[in-house]
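Before anything else, here's the structure in question.
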Amino acid sequence: MFLPLSDMPNPKGTPVVNYLLIGINVAVYLLYSLPLSTARPDLNDPAILEYIRAIPQYQNLPVYQIINHISAYDLFVFAHGFKPAHPSFNDLFFSLFLHAGFLHLFGNMLFLWIYGDNVEHRLGSLVYLPVYLATGVIATLFYSLFQMNSPMPMIGASGAISGVLGLYFLWFPKNKVRAFVMLFPFFMDTVLLPARLVLGFFLIVDNLLPFLLASGGSGGVAHGAHIGGFLAGLAIAYGVDRSPEFISRFRWRTIMGHRPEGPYTGEPDQGIQPPQNIHESLKSGNFMDAVTGYFSSPSAAVRKAIDPADRLQIGYFLLKENRYSEALAVFRQYITDHPNGPFLDRAYLGAGVTLYQGLGQLTSAYQYFLTVLDLNPDPETEAQARRYIETIQGLQKMQFKRR
C-alpha cells in the first residue's frame, strides 16, 4: 500500500479555485450520488431496459436479479456519465464531477488537495480552472479512442486530476511528498519521498502497466484516461514554459489588477548594441544603457556573445531595482543559453530570489534554490540558497521530519 499524504513546499495564500473544485465534487456527491445510491429505481423508467442491455455482465441474468442490484444512481450515471459510443458535450463536463462512491471521491480529492495548490499558484486562479477542465476533457477523449464502441459511462475527476499531476511533475521536480508506505508485515511508516518518484509510480505502476495489460482499462478503472490526462498536463506545462510571458501577463493583469513591467527595449530607432558597448556601459555605471542594449538583442546567438558576467550583472541590477519580470527573463535566458557555463549557480540563485522576493512564487523559487546546491556553488552562494530553503520550509503549514 502506498498513500501520499501531503507535499512540500506549499505556496502562500489560499488556492481558491482548487478548494472550489473540491467543494463542487463533494457537493455533487452529497446531493446526488449518496441519496440516489440508496434509492430504488423507478421500475416504469424505460432507461432500465436500455441500461440492462448496455451492461455485458447482465446479459444472461434474470431481470428480477438485475433489478435487485440497480440503484437510482446507476441510472443517473448511465444518463449523465460520458459514453464513448454515444458522446455528449454536456456529459463530457458533468461526468468530471460524478463519482462511483466515497472511496472514489476521497482518493481523487486527496490528490487534488495535495498537488492542486502548487499548480494553481503557478498558473494563477483564472487560468487554472480552464486548464483543469481542459485536461479532464482531453483525458476522457483519450480514453474514448480505445473504447469507441463502449456504451459504458465513464465518470470521475481523476482524468482532470491526472492533468494536474502532469503539470506538477514538470514544474516541481524537487518537491517532496510525505507518503504512508505499508509492506505488511515488513514495513509500515510515513516517509518523505521525491515528488517525481511518487508521480512516476502513479503513472507507470498504477496506470501504464494495467493499461497495456488490459487494453485500456481493468476493474472499472479508466487507466487510459489517467494516462491521457497526465500527458495533457505535461504538454500544457511544457507549452507554458516556452511562452511564459503570456501566462505571466495574463495572470498578473487579471488577478493583481495591473500589468507587470515588460522588458525595456529602448527607442524604436535604437540599433542593437554590440557586446562591447554593453560592457562599457556597465563599466561606466550606465546600467540602463546596458539594459537597453541587452533587450535589443534579437536572438540567443547575439545574447551569447555578451560576457556572462555582464549578463548576470544586468540581472542583479534589475532585481535590485524591483524590475522582477525583466530580471527573471535575464536569469532564465542565461540558464538556457549557458547550461554548462560559468556562474550558473549565481543565475539559478538570482532566478530563485526573483521568484521568491518579487513574484511570491515560493514553490518555483524552491526548485531553483535546490538546484543551486547541485552545482557545487561557492560558499557565499550556497549559504544564501540554504537560507532561502530553510525560510521556505519554515513557512510550511505541515513540518516534515528528515529521515
Worksheet item: To the nearest 0.5 Å, how far apart are CG in L344 and CG in L375?
Response: 5.0 Å
Practice prompt. For the pair R196 (side chain) and F169 (backbone), establish whether a donor and an acceptor sit closer than 3.5 Å, ignoring hydrogens and angles.
Written response: yes
Worksheet entry | Shortest non-hydrogen contact between G81 and L98, atoms and distance |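 For G81 and L98, the tightest heavy-atom pair comes out as N-CD1, 4.4 Å.
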Item to complete: Step through it carefully: locate the ring centre of F146, locate the ring centre of F142, and say whether they are under 6.0 Å apart.
Response: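 So the answer is yes for these two rings.
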Fill in: Working for side chain to side chain contact (heavy atoms under 4.5 Å, CB included), residues N118 and N10
CA-CA 6 Å; N118 276 315; N10 301 121; 4.0 Å; yes
Discussion item. For Q361, is there any backbone N or O sitting under 3.5 Å from a side-chain donor or acceptor partner on S364?
Written reply: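 No; judged by distance alone, with no hydrogens or angles, the pair does not exist.
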Practice prompt. Please check if the side chain of N25 supplies one atom and the backbone of L21 the other of a donor-acceptor pair under 3.5 Å.
Written response: yes
Worksheet item: Are any non-hydrogen side-chain atoms of Y348 and F331 less than 4.5 angstrom apart?
Response: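 Result no, sub-4.5 Å side-chain heavy-atom pair not found.
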Worksheet entry | Shortest non-hydrogen contact between V77 and P153, atoms and distance |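 What the structure gives for the nearest pair is O-CB, 3.6 Å.
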Item to complete: Give the ring-plane orientation class for H80 versus F76, where under 30° counts as parallel, over 60° as perpendicular and anything between as tilted.
Response: tilted
Worksheet item: With a 4.5 Å limit on heavy-atom distance, are the side chains of L3 and L110 in contact?
Response: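 They are in contact (side-chain heavy atoms under 4.5 Å apart), so the answer is yes.
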Fill in: V17 and Y132: CA distance, side-chain angles, deciding distance, side chain to side chain contact (heavy atoms under 4.5 Å, CB included) verdict
CA-CA 10 Å; V17 172; Y132 175 90; over 6 Å; no
Worksheet item: For Y366 and Q393, what are the C-alpha separation, side-chain angles and deciding distance, and is it a side-chain hydrogen bond (donor to acceptor under 3.5 Å, both in side chains)?
Response: CA-CA 9 Å; Y366 185 77; Q393 291 175 344; 3.2 Å; yes
Discussion item. Taking G228's backbone N and O only, do any of them form a donor-acceptor pair with Y143's side chain (distance below 3.5 Å, no angle check)?
Written reply: no
Discussion item. Does the plane of the ring in F202 sit parallel, tilted or perpendicular to the ring in F230? Use 30° and 60° as the thresholds.
Written reply: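 Correct class here is tilted.
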Discussion item. Less than 3.5 Å apart, any donor N or O on the side chain of R311 or Y316 sitting next to an acceptor on the other?
Written reply: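 There is no such pair between these side chains.
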Item to complete: Output yes when a side-chain donor or acceptor of E120 lies under 3.5 Å from a complementary backbone atom of N18, and no otherwise.
Response: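 Judged by distance alone, yes, a pair lies under 3.5 Å.
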Fill in: Sole residue of L197, L199, V205 in side chain to side chain contact (heavy atoms under 4.5 Å, CB included) with F201
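So, applying the side chain to side chain contact (heavy atoms under 4.5 Å, CB included) to F201 and each of L197, L199, V205, only V205 qualifies.
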Discussion item. I'd like to know if the side chain of D378 and the backbone of T381 have a donor-acceptor N/O pair within less than 3.5 Å.
Written reply: yes
Practice prompt. Provide the closest heavy-atom pair for G159 versus A139 in the form atom of the first, atom of the second, distance.
Written response: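 Of all heavy-atom pairs spanning G159 and A139, the closest is CA-CB, 3.6 Å.
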Discussion item. Ring-plane angle category for Y115 and Y168, please: parallel below 30°, perpendicular beyond 60°, tilted otherwise.
Written reply: perpendicular
Discussion item. I'd like to know if the side chain of R346 and the backbone of A309 have a donor-acceptor N/O pair within less than 3.5 Å.
Written reply: no
Worksheet item: When rounded to the nearest 0.5 angstrom, what is the spacing between NZ in K83 and OG in S88?
Response: 7.5 Å
Item to complete: Applying side chain to side chain contact (heavy atoms under 4.5 Å, CB included), run through Y29 and F102 and close with a yes or a no.
Response: CA-CA 8 Å; Y29 176 77; F102 174 76; 3.5 Å; yes
Worksheet item: Considering residues, nucleotides and ligands other than F106, do more than 12 of their heavy atoms fall under 6.0 Å from its CZ?
Response: no
Discussion item. To the closest 0.5 Å, what do you measure between CG (L312) and CG (D307)?
Written reply: 9.5 Å
Discussion item. Tell me whether N108 contacts the main-chain N or O of L103 through its side chain, where contact means a donor paired with an acceptor under 3.5 Å.
Written reply: no
Worksheet item: Which value, rounded to the nearest 0.5 Å, describes the distance between N175 atom CG and L192 atom CG?
Response: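 Output value for this atom pair is 10.0 Å.
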Item to complete: For residues L328 and Y324, determine if any side-chain heavy atom of one lies less than 4.5 Å from a side-chain heavy atom of the other.
Response: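 They are not in contact (no side-chain heavy atoms under 4.5 Å apart), so the answer is no.
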Discussion item. How close do L170 and A237 get, counting heavy atoms only, and between which atoms?
Written reply: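 Scanning both residues, the minimum pair turns out to be CD2-CB, 3.6 Å.
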Practice prompt. Answer yes or no: is there a side-chain heavy-atom contact under 4.5 Å between V353 and F369?
Written response: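 Sidechains of F369 and V353: in contact.
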Worksheet item: What distance separates K304 NZ from T336 OG1, expressed to the nearest 0.5 Å?
Response: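 That separation rounds to 9.5 Å.
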Item to complete: Decide, yes or no, whether a salt bridge links D241 with R122 under the criterion of side-chain N to carboxylate O below 4.0 Å.
Response: yes
Discussion item. Would the distance check show the side chain of H104 and the main-chain N or O of A100 forming a donor-acceptor pair, the cut-off being under 3.5 Å?
Written reply: yes
Worksheet item: Short question: side chain of S150, backbone of Q147 - any donor-acceptor pair under 3.5 Å?
Response: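 Checked: no pair found.
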Worksheet entry | Test log, rule side chain to side chain contact (heavy atoms under 4.5 Å, CB included), inputs I155 and F82 | CA-CA 7 Å; I155 60 173; F82 184 82; over 6 Å; no
Discussion item. Is the shortest side-chain heavy-atom distance between L373 and E382 below 4.5 Å?
Written reply: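 Yes, at least one pair of side-chain atoms sits under 4.5 Å.
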Discussion item. Taking the side chain as everything from C-beta on, heavy atoms only, tell me whether F287 gets closer than 4.5 Å to I314.
Written reply: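 No, their side chains stay 4.5 Å or more apart.
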Worksheet, complete the sentence: Distance col, row T363:OG1 vs K174:NZ, nearest 0.5 angstrom, shows 14.5 Å
Fill in: Centroid-centroid under 6.0 Å between Y32 and Y73 rings
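No, the ring of Y32 stays outside the 6.0 Å limit from the ring of Y73, centre to centre.
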Practice prompt. Kindly give the heavy-atom pair with the smallest separation between S281 and D289, and that separation in Å.
Written response: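 Heavy atoms of S281 and D289 come nearest at OG-CB, 3.8 Å.
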Item to complete: Compare all side-chain heavy atoms of F172 with those of D7 and state whether any distance is below 4.5 angstrom.
Response: no
Practice prompt. Could you check whether the rings of H223 and H226 sit parallel, tilted or perpendicular, using 30° and 60° as the cut-offs?
Written response: perpendicular
Worksheet item: Heavy-atom count around N149 CG within 6.0 Å, excluding the residue itself: above 12?
Response: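 Incorrect, the count does not exceed 12.
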Worksheet item: If we only count heavy atoms from C-beta on, is the F295 to E326 side-chain gap below 4.5 Å?
Response: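 A side-chain contact exists here, since the closest heavy-atom pair is under 4.5 Å.
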Discussion item. To check you understand the geometry: which heavy-atom pair defines the closest contact between T135 and G233, and what is its length?
Written reply: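 In this case the closest contact between T135 and G233 is CG2-N, 4.2 Å.
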